[in-house]
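Both backbone and side-chain heavy atoms feed into the values below; hydrogens, waters and symmetry mates do not. Numbers here simply count residues along the sequence, with the first being 1. Remember, it's 1-based here, ligands and their atoms both numbered in the order they're listed.
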Amino acid sequence: MATARRVAILGGNRIPFARSGGPFARASNQDMLTAALDGLVARFGLSDKTVDEFVAGAVLKHSRDFNLARETVLGSKLDPRTPAHDVQMACATGLEAIVSVANKIALGQIEVGIGGGVDSASDAPIAVNDDFRRVLLKANHAKSTGAKIKALAGARPQHVVPEIPQNSEPRTGLSMGEHAAKTALDWEITREAQDELAARSHHRLAAAYDRGFFDDLLTSFQGVAKDQNLRPGSSVEKLAKLQPVFGKGEGATMTAGNSTPLTDGASTVLLASEEWAKANNVPVLAYLSDIAPAAVDHVSGDEGLLMAPAYAVPKLLDRNKLQLGDFDFYEIHEAFASQVLSTLKAWEDPDFCKNRLGRDKVLGEIDTAKLNVNGSSLAAGHPFAATGGRIVATLAKLLAEKGKGKGLISICAAGGQGLTAVVER
Ligand SMILES: CC(=O)SCCNC(=O)CCNC(=O)[C@H](O)C(C)(C)COP(=O)(O)OP(=O)(O)OC[C@H]1O[C@@H](n2cnc3c(N)ncnc32)[C@H](O)[C@@H]1OP(=O)(O)O
């Protein structure tokens, strides 16, 4: 039986993220993921090395991309003999892909691998009506022209209505924004606090670009060199002018400014055993030490859709004998400003910590000076499956710059799930 080895994070590469319908509107998932992968291959000279596996995923996928990761390898500069497969965990897909590679390295099953993710909200697949699909399948299977015509005669005018993917939860019919708006009300998250967090995200991302932080983490794509959603001039005053888009009436606090935009983009992360890194002369940025998933019952229970990380993090802390305050950096995916603030408030709340987490003491406060120090999804945008790679690469590099320390990753996902991780150096 294999025993666990340390998993080194060697670097990452992503393309800039762009608002849907923007500059990448005509790029497919394969185009974007190939660009992110080829940038990584070039940076680490991987085209003449064997990479043991590429794992990636997308939340919105066309049927032609049934194994998007493998098709991406075949279109990339990576050796075509690189095995690849897809994973899917909604907004945690990118991190789950990285975990899948990391676990195999930890067990000694592979030496080096790449995790990644991509999403295009501009190029979402539109399916035909289910009854019409069955008519088309029957016609496709028909053995003669006559049988084909007979099958096609089953088409009805109502079949023309297409099925457009909805940004909503299948079991509640509510969008993620509407779910988050309910949670924001429950936790009494103010509009001001959300706008403040959003403005800070833009300022910090802009500052990170200014100091060249992304120079070795990002390659231009289609002439775009920076996250296109970034507004360095964001301010609480400007954000306060926006009309609420989720929730109703007086209590509606969530706007286009304090919610992530629908986004297009892709990211990749290179992971390896320490032995591989040493043999190939590649410096280690940081190590992926542990992960914890969690899920909540947002359908019949009374828990918020995006609150699963509030449950996953305590598991991670306990297993690693850590306190919430023990980290140098916190990377909490900003799906919505209100969702970050609800999670932070839950960890400070004696009732939540006692009754939901079964703890005598609260988890405690997070120092906001250590939270999303280079900005996060509100400023960069959130191409669902690409966010995990952006966060892992950012945190690993932050730890490498500091030379030591620990970082906590927390990603909430549709379906009431969450995935969290500890990265250290
Ligand atoms: C687990 C998870 O991650 S869950 C999260 C998953 N993600 C989502 O659910 C995506 C949620 N987001 C959305 O659905 C959409 O982006 C929405 C509904 C929030 C906004 O959509 P739109 O209305 O099309 O946004 P749009 O880009 O037009 O912005 C609306 C206005 O806000 C303004 N605005 C947006 N951000 C800012 C900002 N930071 N500062 C100032 N103004 C801003 C825009 O300029 C625009 O103004 P205009 O109408 O005068 O041009």
Side-chain angles (χ1 to χ4, degrees), residues 17-22 25 59-60 88-96 117 119-122 124 165-169 172 174-184 191 194-206 227-247 252-265 294-296 298 304-310 312 332-340 342-343 375-388 390-391 410-420:
F17 295 167
R19 295 165 85 86
S20 77
V59 175
L60 296 167
Q88 223 281 22
M89 196 185 173
C91 302
T93 298
L95 180 55
E96 183 56 39
D119 256 296
S120 167
S122 300
Q166 301 297 316
N167 188 13
S168 59
E169 282 295 310
T172 63
L174 295 180
S175 72
M176 286 176 272
E178 284 157 343
H179 270 285
K182 282 170 71 171
T183 309
R191 168 77 184 263
Q194 294 174 52
D195 287 348
E196 233 173 75
L197 193 137
R200 197 164 62 218
S201 186
H202 284 271
H203 300 159
R204 288 180 173 181
L205 183 66
D227 299 314
Q228 180 252 350
N229 182 59
L230 173 60
R231 296 170 191 245
S234 279
S235 67
V236 174
E237 295 70 33
K238 283 183 196 162
L239 287 162
K241 294 196 178 111
L242 299 177
Q243 289 302 313
V245 287
F246 301 116
T253 53
M254 292 174 54
T255 68
N258 59 39
S259 306
T260 45
L262 292 164
T263 313
D264 306 333
V296 294
H298 61 287
L305 174 78
L306 303 177
M307 291 300 282
I332 303 189
H333 158 51
E334 296 166 343
F336 302 97
S338 67
Q339 151 272 326
V340 175
S342 301
T343 304
S376 181
S377 311
L378 287 169
H382 171 41
F384 310 122
T387 288
R390 175 187 66 73
I391 288 178
S410 163
I411 300 184
C412 58
Q417 304 213 84
L419 188 57
T420 59

Protein heavy atoms near [atom], is at least one of them under 4.0 angstrom away?
atom                    : result
atom 7 (N) of ligand 1  : yes
atom 21 (O) of ligand 1 : no
atom 12 (N) of ligand 1 : yes
atom 49 (O) of ligand 1 : no
atom 16 (O) of ligand 1 : yes
atom 26 (P) of ligand 1 : yes
atom 46 (C) of ligand 1 : no

Is a donor on one side and an acceptor on the other found under 3.5 Å between the side chain of [X] and the backbone of [Y]?
X    : Y    : result
T260 : A335 : yes
E334 : L378 : yes
S259 : A256 : no
Q88  : A90  : yes
R191 : M254 : no
S201 : S376 : yes
T93  : C91  : no

Any idea which atoms of ligand 1 are less than 4.0 Å away from a heavy-atom of [X]?
X    : answer
S234 : 39 (N), 40 (N)
H202 : 39 (N)
P261 : 16 (O)
L306 : 1 (C)
L262 : 10 (C), 16 (O)
C91  : 1 (C), 2 (C), 3 (O)
L239 : 38 (C), 39 (N), 40 (N)
F336 : 4 (S), 5 (C), 9 (O)

>> For a side chain to side chain donor-acceptor pair (under 3.5 Å) check, start with the C-alpha distance between S20 and D264, then their side-chain angles and the critical distance, and finish with the verdict.
In response: CA-CA 6 Å; S20 77; D264 306 333; 5.3 Å; no
Is the closest heavy-atom distance from [X] to ligand 1 below 4.0 Å?
X    : result
H382 : yes
R19  : yes
C412 : yes

Between atom [atom1] of [X] and atom [atom2] of [Y], what is the distance when rounded to the nearest 0.5 Å?
X    : Y    : atom1 : atom2 : answer
E169 : S175 : CD    : OG    : 9.5 Å
S377 : Q339 : OG    : CD    : 8.5 Å
T183 : H298 : OG1   : NE2   : 11.0 Å
F336 : N258 : CZ    : CG    : 9.5 Å

>> Counting only heavy atoms, tell me which of A256, S377, A335, G416 gets closest to atom 29 (O) of ligand 1.
In response: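 Shortest heavy-atom distance from atom 29 (O) of ligand 1: A256.
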Quick one: look at [X] and ligand 1, take heavy-atom pairs under 4.0 Å, and tell me if it's side chain, backbone, both or neither.
X    : value
K238 : neither
L242 : side chain
I411 : neither

>> Would H202 and N229 count as a side-chain contact (heavy atoms from CB on, under 4.5 Å) here? Give the steps.
In response: CA-CA 9 Å; H202 284 271; N229 182 59; 4.1 Å; yes
Is there a polar contact, in the sense of an N or O pair closer than 3.5 Å, between [X] and ligand 1?
X    : result
S259 : no
R231 : yes
H333 : yes

> Should T255 and Q243 be marked as a side-chain contact (heavy atoms from CB on, under 4.5 Å) after you check the CA-CA gap, both sets of side-chain angles, and the distance that decides it?
Replying inline: CA-CA 6 Å; T255 68; Q243 289 302 313; over 6 Å; no
>> Pair H333, T387 - check side-chain contact (heavy atoms from CB on, under 4.5 Å), show working.
In response: CA-CA 8 Å; H333 158 51; T387 288; 3.7 Å; yes
